[in-house]
Amino acid sequence: MSLVQGYSSDEDDGVRMPTNDAFGLANLPVAKKPRVEDSQPSTSLVPTSAPDVLAEVSVLKFTRYGEACKPIIQDPLHQSTLVTRPTDTQIHVNIPYQDMMLPVQGPENPFGDRNRFLNQNALAGHVEEQSMSEHAFRQQYLTHSILGYSANPSVDPNAPAILGSVEKAQENGFATIGMTKAPKAKKNELKRKRKPKGDLDVVDGEGAYEGPWATWSGDRLDTATPEAAGAAEESEEEEEEEEEEVQPRKAKPKRGAPGLESTVFHGKSMHDYQGRTYMHPPLSEAPQLQQEPGSQECFIPKVCIHTWTGHTGGVSVVRSFPNTGHLLLSGSMDTKIKLWDVYTHGNCLRTFHGHMKAVKDVTFSNDGRKFLSCGYDRQMKLWDTETGQCLKRFSNGKIPYVVRFHPDEDKQHIFLAGMSDKKIIQYDMNSGEITQEYDQHLGPVNTITFVDENRRFVTTSDDKTIRAWDFDIPVVIKYIAEPHMHSMPAVTLHPSKKYFAAQSLDNQILVYSTDNFRQARNKRFAGHSVAGYACQVGFSPDGKWISSGDGEGNVVFWEWKTGRIKSRLRAHSKVVIAHEWLPHETSKVVTGSWDGLIKLW
């Protein structure tokens with residue numbers, strides 16, 4: 001440590017005098033000079049060149065000017081060592097030289113370069129690159145896994161030549177699995193031997209002629225003596241008996257399997273005091289059911305007035321009872337079909353268990369006494385609405401996506417089914433046979449809609465086309481396909497029967513005329529988001545409003561005349577896949593969603 005003294009020079013005398021301002025601090029520009037109380041006489045000059053330090057570690061004091069400088073170290077707490085972190089950049093104490101020269105202490109870094117194993121070149125050990133053919137690697141790998149040794153591919157001269165069991169390697173002469181060969185004697189020992197052909201003259205018994213059909217020695221039937229043969233037969237019989245006893249029990253067939261359909265009635269009694277079942281419309285509660293559907297002006301619903309709960313999976317289809325709409329049929333992904341009451345108590349009347357997988361579509365006959373259902377278990381079933389009995393079942397091994405009764409009163413025994421194998425199949429329910437196949441589509445058939453007084457029907461498919469057919473003639477009479485068209489998985493007929501509306505997967509509803517199948521360009525309903533969902537299209541009974549569910553859980557209502565969105569109803573938490581207007585109400589809509597709820601608005 002060096003002390004710098006300040007001097008002032010008198011040029012006349014040539015005498016240098018010491019000053020108090022050793023570093024010229026007085027000349028620095030200071031806003032306000034500190035007030036210094038001079039306790040010592042002015043003759044005492046104490047230079048302050050050492051930095052301020054912690055008193056308990058070391059205090060440096062200097063004697064008066066002119067005498068030898070000597071640091072006095074005071075250590076009242078006896079802190080003999082100063083511990084520093086390797087990351088410290090500043091030290092606020094004066095450290096003796098011997099402390100500075102102490103060795104670094106603490107555990108050694110196991111991953112430091114000096115502490116590697118002698119031949120370690122990677123964190124986990126020694127790594128070498130070696131290239132060999134697939135065949136060579138396979139041979140060594142199999143030799144190691146079967147015989148227990150393999151050649152060491154390392155180029156290190158100090159490495160062992162064999163990995164694994166050296167004794168086994170010496171036993172086999174260091175050969176790989178491909179080079180080892182069983183001796184001929186051993187092979188012959190292991191070889192199966194045929195019994196002698198026998199004598200041509202002997203027909204039966206010992207030594208009888210068997211020719212090339214002689215059995216192998218060592219087989220179970222090979223018994224030296226008749227006694228042994230008898231014993232073998234007895235043991236076989238015993239084994240067979242045991243097998244019969246330990247036959248695995250067959251799995252219990254699932255509810256809803258073909259032939260095991262069941263139904264549950266949820267009410268107190270099937271008949272009321274007049275002996276009527278739930279099939280009879282409740283005219284006392286809803287006198288409007290006697291009016292003609294669509295005779296009154298309709299309005300857009302605004303609030304939910306009832307919620308039907310009971311399905312444990314998403315609802316996939318909702319259908320109202322024909323003409324009156326006093327009952328509601330719903331099919332769900334929980335494989336169940338439920339019949340609900342609309343006007344009296346609003347409860348579940350009956351559950352039909354008939355499918356083993358999700359229900360895809362249901363449809364009523366004209367009088368509503370029967371209905372058809374189809375599901376992903378490839379079954380189509382005809383049910384009695386009143387008793388819940390499964391009357392008939394149909395299947396051709398393909399998944400039906402849509403089923404429809406023929407709407408004519410004299411053809412109620414005929415139904416059409418759109419299948420996953422691109423065909424539309426016509427069944428006669430009386431005989432249970434397929435009477436016609438319409439095979440033109442290039443993708444699974446999604447919808448079937450009867451038009452033109454039921455003489456024709458329109459089908460849509462995943463092949464993004466619309467095709468029109470004459471009933472019972474499997475030839476397309478109109479084929480609609482444009483490059484810009486999307487798949488149309490839901491089609492609904494306008495109450496006037498002059499138009500049908502198709503839900504297109506590019507988020508719009510397109511309208512086509514039923515007589516010449518031309519698109520009505522002035523009618524296009526957009527502004528909702530359905531991409532990927534087959535959301536059903538609905539019409540108010542008077543045809544004034546057109547509605548559709550969407551992928552966000554809304555129901556959107558447009559004005560049929562102008563095409564403007566009039567209302568957007570937040571209905572469900574998941575996609576609203578199905579909805580129906582009640583035919584005798586002015587503003588009641590039933591919605592079904594993948595959240596498992598059915599709501600009345």
Might you confirm whether atom NE2 of His345 has over 12 heavy atoms from other residues, nucleotides or ligands at distances under 6.0 Å?
no
How far does CZ of Arg518 sit from CG of Asn516, to the nearest 0.5 angstrom?
5.0 Å
In terms of heavy-atom contacts, Asn454 and Phe471 come closest through O-CB, 4.4 Å
Going by ring pair (Phe, Tyr, Trp, His ring centres under 6.0 Å), name the residues that satisfy it together with Phe450, two or more places apart in sequence or in a different chain.
His406, Phe457
I'd like to know whether Gln379 forms a side-chain hydrogen bond (donor to acceptor under 3.5 Å, both in side chains) with Asp377, so could you lay out the CA-CA distance, the side-chain angles of the two residues, the decisive distance to 0.1 Å, and finally the verdict.
CA-CA 6 Å; Gln379 298 286 326; Asp377 57 356; 6.0 Å; no
What I want to find out is whether Asp462 reaches Lys422 closely enough, with some N-O distance under 4.0 Å, to be called a salt bridge.
no
Looking at Lys357, I'd like to know if its NZ atom is crowded, meaning that more than 12 non-hydrogen atoms belonging to other residues, nucleotides or ligands lie closer than 6.0 Å.
no
List for me each residue that meets salt bridge (Lys or Arg N to Asp or Glu O under 4.0 Å) alongside Arg138, sequence neighbours excluded, and say none if there are none.
none
Side chains of Asp506 and Gln508: is there a donor and an acceptor less than 3.5 Å apart?
yes
Thr447 meets the side-chain contact (heavy atoms from CB on, under 4.5 Å) criterion, sequence neighbours left out, with Thr460, Val491
Report, as yes or no, whether the 6.0 Å neighbourhood of atom NZ on Lys599 holds more than 12 heavy atoms from other residues, nucleotides or ligands.
yes
Name all residues meeting the side chain to side chain donor-acceptor pair (under 3.5 Å) criterion together with Glu453; count only those two or more places apart in sequence or in a different chain, and write none if there are none.
Arg455
Test side-chain hydrogen bond (donor to acceptor under 3.5 Å, both in side chains) on Thr351 and His266; report intermediate values, then the result.
CA-CA 8 Å; Thr351 303; His266 299 293; 2.6 Å; yes
Do Val315 and Val317 make a side-chain contact, defined as non-hydrogen atoms from C-beta onward lying under 4.5 Å apart?
no
Contacts of Asp595 that satisfy salt bridge (Lys or Arg N to Asp or Glu O under 4.0 Å) - sequence neighbours left out
none
Within-4.5 Å side-chain heavy-atom neighbours: Thr309 and Leu597:
yes
Closest non-hydrogen atom pair, Trp383 against Ser373:
NE1-OG, 3.0 Å
Taking every heavy atom of Phe405 against every heavy atom of Thr363, the minimum-distance pair comes out as CE1-O, 3.6 Å
Lys497, NZ: over 12 other non-hydrogen atoms inside 6.0 angstrom:
no
Listed once per pair and sorted, the ring pair (Phe, Tyr, Trp, His ring centres under 6.0 Å) pairs that draw on residues 274-293, sequence neighbours left out:
none
Are there over 12 heavy-atom neighbours, none belonging to Lys544, within less than 6.0 Å of that residue's NZ?
yes
From Ser487 OG over to Leu505 CG, what is the distance, rounded to the nearest 0.5 angstrom?
5.0 Å
Those residues that, when tested against Phe500, pass ring pair (Phe, Tyr, Trp, His ring centres under 6.0 Å) (two or more places apart)
Tyr512
Qualifying residues under ring pair (Phe, Tyr, Trp, His ring centres under 6.0 Å), relative to His326, sequence neighbours excluded:
Phe321
The criterion is side-chain contact (heavy atoms from CB on, under 4.5 Å); which residues satisfy it with Glu386, sequence neighbours excluded?
Met270, Thr277, Met279, Arg369, Asp384
Heavy atoms of Met380 and Ser395 approach each other most closely as CE-CA, 4.3 Å
Taking C-beta and beyond as the side chain, do His413 and Asp428 meet within less than 4.5 Å on heavy atoms?
yes
The criterion is salt bridge (Lys or Arg N to Asp or Glu O under 4.0 Å); which residues satisfy it with Arg456, sequence neighbours excluded?
Asp452, Asp470
side-chain hydrogen bond (donor to acceptor under 3.5 Å, both in side chains) between Ser133 and His135, intermediate numbers included
CA-CA 5 Å; Ser133 69; His135 171 73; over 6 Å; no
Minimal non-hydrogen separation, Ser316 against Ala578, with atom names
O-CB, 4.3 Å
Give the ring-plane orientation class for Trp340 versus Trp308, where under 30° counts as parallel, over 60° as perpendicular and anything between as tilted.
tilted
Side-chain polar contacts of residues 529-536 - donor-acceptor pairs under 3.5 angstrom, sequence neighbours left out - could you list them?
| from | atom 1 | to | atom 2 | distance (Å) |
| --- | --- | --- | --- | --- |
| Gln536 | NE2 | His579 | O | 3.2 |
| Gln536 | NE2 | Glu580 | OE2 | 3.4 |

Should we say atom NZ of Lys338 is surrounded by more than 12 heavy atoms from elsewhere, each under 6.0 Å from it?
yes
Which atoms form the tightest heavy-atom contact between Glu261 and Gly354, and what is the distance?
CG-CA, 3.8 Å
Applying the ring-ring contact (aromatic ring centres under 6.0 Å, His included) criterion to Phe539, which one of Trp560, Phe525, Trp581 satisfies it?
Trp560
Could I get the full list of salt bridge (Lys or Arg N to Asp or Glu O under 4.0 Å) partners for Glu585, not counting sequence neighbours?
Lys588
